[in-house]
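Structure, as structure tokens:
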Amino acid sequence: MKDSFFEHIKTKEGSLPEQTAEQISRLIAEQHLPSGAKLPSEFELAELLHVGRGTVREGVKLLVARNLLEIRRGKGTFITQNPGEVPDPLGFAFCPDQFRLALDLLEVRAQLEPWVAQTAAERATEENLTLLRKRCLAAEEDILTQRDHSKSDVAFHAAIAECTQNLVVPKLIPVITYAVTLFASLTENRLRKETLSGHQEILEAICRRDAEGAGQAMAQHIENNRILLAEGSASPASVLLKSPAPQRNNTSAGH
């Protein structure tokens with residue numbers, strides 16, 4: 001990392017910590033630093049940016065709050081696994097009617113995810129398909145052993161998103177993650193058999209490059225979720241169900 005990369009911190013625009021955070025973010029983006037990469041020490045950053053170590057410390061705190069950096073005690077400051085992504089970016093957990101939210105999320109997913117599956121079938125690399133098969137198998141094992149399969153379910157849908165080769169689609173995963181986790185909490189994972197067959201149909205269509213079939217399989221998968229959720233709408237117990245705790249990892253995306 002060279003001093004010439006950084007602009008000297010100015011005092012005209014924003015606070016010093018904010019400008020410091022901006023410079024560090026710029027470094028990460030322009031140098032294509034990968035997840036898990038370690039940043040220079042606080043002392044080195046202070047020298048590079050011509051600011052005090054306290055200012056660097058405050059700038060790093062801002063980036064930690066934005067889930068771009070993480071501080072590992074005794075080891076240093078590192079780029080997070082999913083830089084900039086937060087578990088619940090739209091604040092769904094604060095929606096007072098989680099049942100209504102679940103239905104509305106399914107409505108949005110019904111418009112988006114069939115296209116995602118179609119595009120995945122058209123653009124997936126062999127490496128993508130290998131990962132997709134592994135993710136599908138992991139979800140299948142969780143379902144067959146009666147374990148909570150929400151995380152592996154989300155991971156499967158995240159792998160589909162990666163297959164699109166679209167930079168935007170994987171960034172939607174936190175929204176889909178919340179939808180999957182919320183659905184599982186509201187239905188108590190009652191759609192296990194349908195989830196199993198739905199995943200398999202989606203996987204097979206994508207692997208044989210059948211874009212139309214992949215879209216149809218995904219649409220049916222989501223419709224099965226909607227039907228089950230609607231059937232539970234009359235249950236008095238549904239009003240007592242709580243929203244799921246936000247998950248930090250993006251390994252999956254969708255029921």
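This chain uses plain numbering: 1 for the first residue, then up along the sequence. It should be emphasised that the depicted structure is a prediction, and the values quoted were computed from it without experimental measurement.
The backbone N or O of Cys163 lies less than 3.5 Å from a partner atom in the side chain of Gln165, making a donor-acceptor pair.
Here the CD-NZ distance, from Glu70 to Lys75, works out to 10.0 Å after rounding to the nearest 0.5 Å. Of the inter-residue distances, the one linking Ile176 atom CD1 with Thr181 atom OG1 reads 11.5 Å to the nearest 0.5 angstrom. The CG atom of Leu49 sits 10.0 Å away from the CD atom of Gln19 when rounded to the nearest 0.5 Å. Separating the CG atom in Leu203 from the CZ atom in Arg135 is a distance of 13.0 Å, to the nearest 0.5 Å. In this structure, CD1 on Ile202 lies 4.0 Å from CE on Met218, to the nearest 0.5 angstrom. Leu182 CG to Ser150 OG: the interatomic distance, rounded to the nearest 0.5 Å, is 11.0 Å.
Taking every heavy atom of both residues into account, Lys171 and Leu167 meet most closely at CG-O, 3.6 Å. Nearest heavy-atom pair across Leu63 and Ala21 is CD1-O, 3.7 Å. Considering all non-hydrogen atoms of both residues, Gly76 and Lys38 come closest at CA-CE, 4.1 Å. Residue Ala121 comes nearest to Ala205 through the heavy atom pair CB-O, 4.3 Å, listed as atom of the first residue, atom of the second, then distance. Between Leu229 and Ala102, the closest heavy-atom pair is CD2-CB, 3.5 Å. The minimum heavy-atom distance between Ile206 and Ala117, with the atom names listed, is CG1-O, 4.0 Å.
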Worked check of side chain to side chain donor-acceptor pair (under 3.5 Å) between Glu204 and Gln200: CA-CA 6 Å; Glu204 291 174 358; Gln200 193 61 43; 3.3 Å; yes
Evaluation steps, side chain to side chain contact (heavy atoms under 4.5 Å, CB included), between Leu39 and Glu44: CA-CA 9 Å; Leu39 292 191; Glu44 291 173 312; over 6 Å; no
Worked check of side chain to side chain contact (heavy atoms under 4.5 Å, CB included) between Glu22 and Glu18: CA-CA 6 Å; Glu22 181 182 345; Glu18 288 171 343; over 6 Å; no
CA sep, side-chain torsions, deciding dist, call: Leu68, Ser25, side chain to side chain contact (heavy atoms under 4.5 Å, CB included): CA-CA 8 Å; Leu68 185 61; Ser25 297; 3.5 Å; yes
Steps toward side chain to side chain donor-acceptor pair (under 3.5 Å) verdict (Asn128, Thr125): CA-CA 5 Å; Asn128 289 148; Thr125 65; 3.0 Å; yes
Thr77 and Val64: CA distance, side-chain angles, deciding distance, side chain to side chain contact (heavy atoms under 4.5 Å, CB included) verdict: CA-CA 9 Å; Thr77 303; Val64 169; 5.7 Å; no
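A salt bridge links Glu126 to Arg209: at least one charged side-chain nitrogen sits closer than 4.0 Å to a carboxylate oxygen.
Side-chain contact between Leu90 and Tyr178 is absent, with no heavy atoms from C-beta onward closer than 4.5 Å. In this structure the side chain of Val51 reaches within 4.5 angstrom of the side chain of Val56, judged on heavy atoms. Taking the side chain as every heavy atom from C-beta outward, Glu141 and Arg147 approach each other to under 4.5 Å. Considering only heavy atoms from C-beta on, Ser152 comes within 4.5 Å of His149 through its side chain. For the pair Trp115 and Thr164, the minimum side-chain heavy-atom distance is 4.5 Å or more. Between Glu58 and Thr20, the closest side-chain pair of non-hydrogen atoms is not below 4.5 Å. Contact annotation: the side chain of Thr195 never approaches that of Asn224 to less than 4.5 Å [non-hydrogen atoms, C-beta and beyond]. Taking the side chain as every heavy atom from C-beta outward, Ile71 and Phe78 never approach each other to under 4.5 Å.
Leu62 and Leu69 are not part of a single hydrophobic cluster, where members link through side-chain heavy atoms under 4.5 Å apart. When hydrophobic clusters are built by joining Ile, Leu, Val, Met, Phe, Trp and Tyr residues whose side-chain heavy atoms come closer than 4.5 Å, directly or via intermediates, Leu131 is not grouped with Phe156. Hydrophobic clustering, with ILVMFWY side chains joined whenever heavy atoms are under 4.5 angstrom apart, groups Leu112 together with Val169.
Screening Val108, Leu103, Leu101 for a side chain to side chain contact (heavy atoms under 4.5 Å, CB included) involving Leu105 leaves a single residue, Leu101.
Heavy-atom neighbours of Glu107 CD from other residues, nucleotides or ligands within 6.0 Å: at or below the threshold of 12. Taking a 6.0 Å sphere around CD of Glu223, one finds it holds more than 12 heavy atoms contributed by other residues, nucleotides or ligands. Residue Glu42 qualifies as enclosed at atom CD: its count of foreign heavy atoms under 6.0 Å is above 12.
Of the N and O atoms on the side chains of Asn225 and Glu194, not one donor lies less than 3.5 Å from an acceptor on the other residue. Side-chain N/O atoms of Gln118 and Glu122 include no donor and acceptor closer than 3.5 Å.
Aromatic ring orientation, His157 versus His199: perpendicular (interplanar angle above 60°, classes split at 30° and 60°).
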